[in-house]
Amino acid sequence: MAEAGSFAERVKQQADIVRVIGEYVRLKKSGQNFTGLCPFHAEKSPSFAVHPTKQIYHCFGCGVGGDVFKFVMEMDKVAFPEAIRIVAEKCGIAIPRTKTSSPEERKENQQRTLLVEMHREAQSFFVQQLGGTLEGKAARAYLEDRGLDKDAVARFGIGYAPSGGDALLRFLKSKYKEPLLIESGLVSRDQSGGARMYDRFRRRITFPIANESGKIVAFGCRALGDDQPKYLNSPETPIYSKSNVLYHLDRAKEALRRADFAVLVEGYMDAIAVARAGISNVVASCGTSLAEPQIKLLSRFTKRVIVNYDPDTAGQLATERSISLLLENDFEVRVLALPAMNLTSGDGTKYSKNADPDLYIREMGVEAYTKLLKDAPPYVDYLIGRARHMDLSTGEGKLRAVNFLLPYVQKIPNRLLRSEWATRIAQQLRLEEPVLRAALSKAAAERRSGLKVAPELVGRAAKPVERRLIRMLTEADSFRRELAQRLSDAGLCAGLETEKVFAALIAANLAGSTIEATEIAAGLEERDRRMLFEILFEESSEFTWEEAESCIESLQNRQTERALVEVQRSIEANPASTEMRSLLEKKQELMRRLAAGR
């Protein structure tokens, strides 16, 4: 049996039993399981089944069954330690240096057993401190203020580490030797080189961290006062590796199988809040760095995830990193980015506040959170939204946005779906769709993570309407000053790729100057200077005021379209009801204006 924290347990957690057995038996998907012809007896109809979430196999014909190690032992006729090595190699898991001493192995196993036992006793100690001491009373008040009643505290095993400095040490040292106390991570030694030992956790709320089988292997602790750091967790120990444990997984396993998706949050309080909201299929990565072993562990129960990290900068970056890792492991990913909450302070002042899942559920309610979770968009929609907040006023800015999105779009396995997302990206970022799709396909085929600067990708430097108006502002002597005035009054050139060229020409026309291309070009940057000369070298027909008015109308429609996109973005942020009404009215007005202009 694999001991808690042992290498065998880590291999078993990360191993994909379907992949391993699939190297020996031809398996086919059958409902939730995989079936094939049993390798242990002769049969014509498949009775051999592999359960991917429970990580077991069983033959309904001859009755054999077990886990991945048992299968390899039977097939390769090897002992348990060799089976561990074989499975680890098949799954690409680094194998630690082999222990040659049998007594040493027994000693390590005994140590892990004692460490698990010690953590169980520490948990009882922390719970007693919370419920039966004066210090614990203050901690209970804090928890109640965070919305955790007695039932919630008991359900999640929340406790309290007192401020004394050696209370836990005194509780444990009569039963465990000093080296083991230090090894546990529950006790620390004076770093100045002295022999004094003290409790690692002091004046902190404690959250027990259990491995997949439910054994407590570590603690996550939050400072009750202003002590720093605010959060302090157990260090790496023989039974605990942060990258191999997901908080709440031991309680969430069955719910994950039933729902066939996981809600992934950052910390203990978020996981507890979501679980108390009736969403039991929630796990926490215990920080902002989701690790690949955690993903492999999660994949045993589901391949679908809704990422709901905190909305701050660190949370956004962690969301992007998690999306990338999850996609590399063939997960279906959605992202819930909680909207800002509109709240009212005690003196009646209204203010807006970003919220993590815990705060959002407490302030806005379970129903509001559940609805957002149900409507969480696919990861590409979330990333497009992030890209839209970049500077898209220049070609270079649009290219940066595309390069931000490209690594994620490349990971979409289906070519048709990739093409569909390319269309959406082009529409949202106002890019040339055919060229973007071709560039994405080429980059995906060449496995490149970025696009080279290509002027045609971010749109031609000037649309035909813009190019025509620039020629009019330089050559239509009969009405170019009037045209400049109309463009200036309406502010129609703001945000265009040609904005700086227009600004120079409009200023010259309104000043009554003679339009000299070389003088205009002298005041422009190299990119805009080249654009101006390219336009002026184009052949053109005679200019009319009717054509000028048609071009002005086209720019007005484009301006209205941009305004409509911004209003829709504000609506999607789910503002307060009064602001929402105003936005909806503005949207209707813009749509009417757009319809009238076409």
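For the numbers below, each heavy atom of this structure counts, side chains included, while hydrogens, waters and symmetry mates do not.
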For Y369 and K374, run side chain to side chain contact (heavy atoms under 4.5 Å, CB included): C-alpha distance rounded to whole Å, both residues' side-chain angles, the deciding distance at 0.1 Å, then the answer. CA-CA 9 Å; Y369 179 81; K374 181 181 178 182; over 6 Å; no

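- Aromatic rings from F71 and Y24 are positioned such that their centres are separated by under 6.0 Å.
- Rounded to the nearest 0.5 angstrom, L249 CG and Q294 CD are separated by 10.0 Å.
- The pair R155-D151 does not count as a salt bridge, with every side-chain nitrogen at least 4.0 angstrom from each carboxylate oxygen.
- Checked by atom type, the side-chain pair E183/T237 shows no donor-acceptor distance below 3.5 Å.
- The aromatic ring centres of F60 and F48 sit 6.0 Å or more apart.
- Rounding to the nearest 0.5 Å places CG of D166 at 8.5 Å from CZ of R196.
- Between F69 and F80, the distance separating the two ring centers is shorter than 6.0 angstrom.
- Between N233 atom CG and I209 atom CD1 the span is 5.5 Å, to the nearest 0.5 Å.
- Although no hydrogens or angles enter the test, the distance criterion places no donor-acceptor pair under 3.5 Å between the side chain of S285 and the main chain of L290.
- In this structure, SG on C221 lies 11.0 Å from CZ on R202, to the nearest 0.5 angstrom.
- The pair E144-R140 does not meet the salt-bridge criterion, since no charged nitrogen lies less than 4.0 angstrom from a carboxylate oxygen.
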Determine, stepwise, if the pair Y198 / L169 fulfils side chain to side chain contact (heavy atoms under 4.5 Å, CB included). CA-CA 7 Å; Y198 55 90; L169 172 62; 5.7 Å; no

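- Atom CG in L326 sits 13.5 Å away from atom CZ in R334 (nearest 0.5 Å).
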Should I216 and V116 be marked as a side chain to side chain contact (heavy atoms under 4.5 Å, CB included) after you check the CA-CA gap, both sets of side-chain angles, and the distance that decides it? CA-CA 7 Å; I216 297 172; V116 170; over 6 Å; no

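- Taking 4.0 Å as the cut-off between side-chain N and carboxylate O, E178 and R189 count as a salt-bridged pair.
- Residues L130 and A139 approach most closely at CD1-CB, 3.6 Å, considering heavy atoms.
- E236 places a side-chain N or O within donor-acceptor distance of the main-chain N or O of K242, the cut-off being under 3.5 Å.
- Q14 and N244 form a side-chain donor-acceptor contact under 3.5 Å, judged by distance and modelled atom types alone.
- Checked against R276 for a salt bridge (charged side-chain N to carboxylate O under 4.0 Å, His left out), the options D149, D270, D358 give a single hit: D149.
- In this structure, the side chain of Q111 does not engage the main chain of L180 through any donor-acceptor pair within 3.5 Å.
- The minimum heavy-atom distance between N308 and P357, with the atom names listed, is OD1-CG, 3.3 Å.
- A cation-pi arrangement, defined by a distance under 6.0 Å to the six-membered ring centre and an angle within 45 degrees of its axis, is absent between K303 and F301.
- Between the side chain of D67 and the main chain of I56, no donor-acceptor pair closer than 3.5 Å is present.
- Remark: the backbone N or O of G65 is not paired with any side-chain donor or acceptor of H58 at under 3.5 angstrom.
- Side-chain atoms of S184 come within 3.5 Å of backbone atoms of L181 as a donor-acceptor pair (strictly under, hydrogens ignored).
- Proximity of a side-chain donor or acceptor of E43 to a complementary backbone N or O of S47 within less than 3.5 Å is detected.
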Is there a salt bridge (charged side-chain N to carboxylate O under 4.0 Å, His left out) between E254 and R258? Walk through the geometry before answering. CA-CA 6 Å; E254 293 306 318; R258 288 195 306 270; 5.2 Å; no

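- Between the side chains of R321 and Y309, no donor N or O sits under 3.5 Å from an acceptor N or O.
- Side-chain contact of Y379 with E332: a donor-acceptor pair under 3.5 Å is absent, judged by distance alone.
- The shortest non-hydrogen separation linking I361 to A277 is CD1-CB, 4.3 Å.
- Checking side-chain atoms of E23 against main-chain N and O of V20 turns up no donor-acceptor pair under 3.5 Å.
- Between H119 and F219, the two ring planes are parallel [angle under 30°; tilted spans 30° to 60°].
- Here N281 contributes atom CG and L264 contributes atom CG; the two are 11.5 Å apart, rounded to the nearest 0.5 Å.
- With E121 contributing its side chain and L172 its backbone, the two residues share no donor-acceptor pair below 3.5 Å.
- At most 12 non-hydrogen atoms from other residues, nucleotides or ligands lie less than 6.0 angstrom from CD of E367.
- In this structure, T133 contributes its side chain and G136 its backbone to a donor-acceptor pair below 3.5 Å.
- Aromatic ring centres of F126 and Y160 lie farther apart than the 6.0 Å criterion allows.
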Determine whether F40 and E74 satisfy the following criterion, side chain to side chain contact (heavy atoms under 4.5 Å, CB included), listing intermediate values before the conclusion. CA-CA 9 Å; F40 301 110; E74 293 293 332; 3.5 Å; yes

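- In this structure, R386 pairs ionically with E320, as a charged nitrogen and a carboxylate oxygen lie closer than 4.0 Å.
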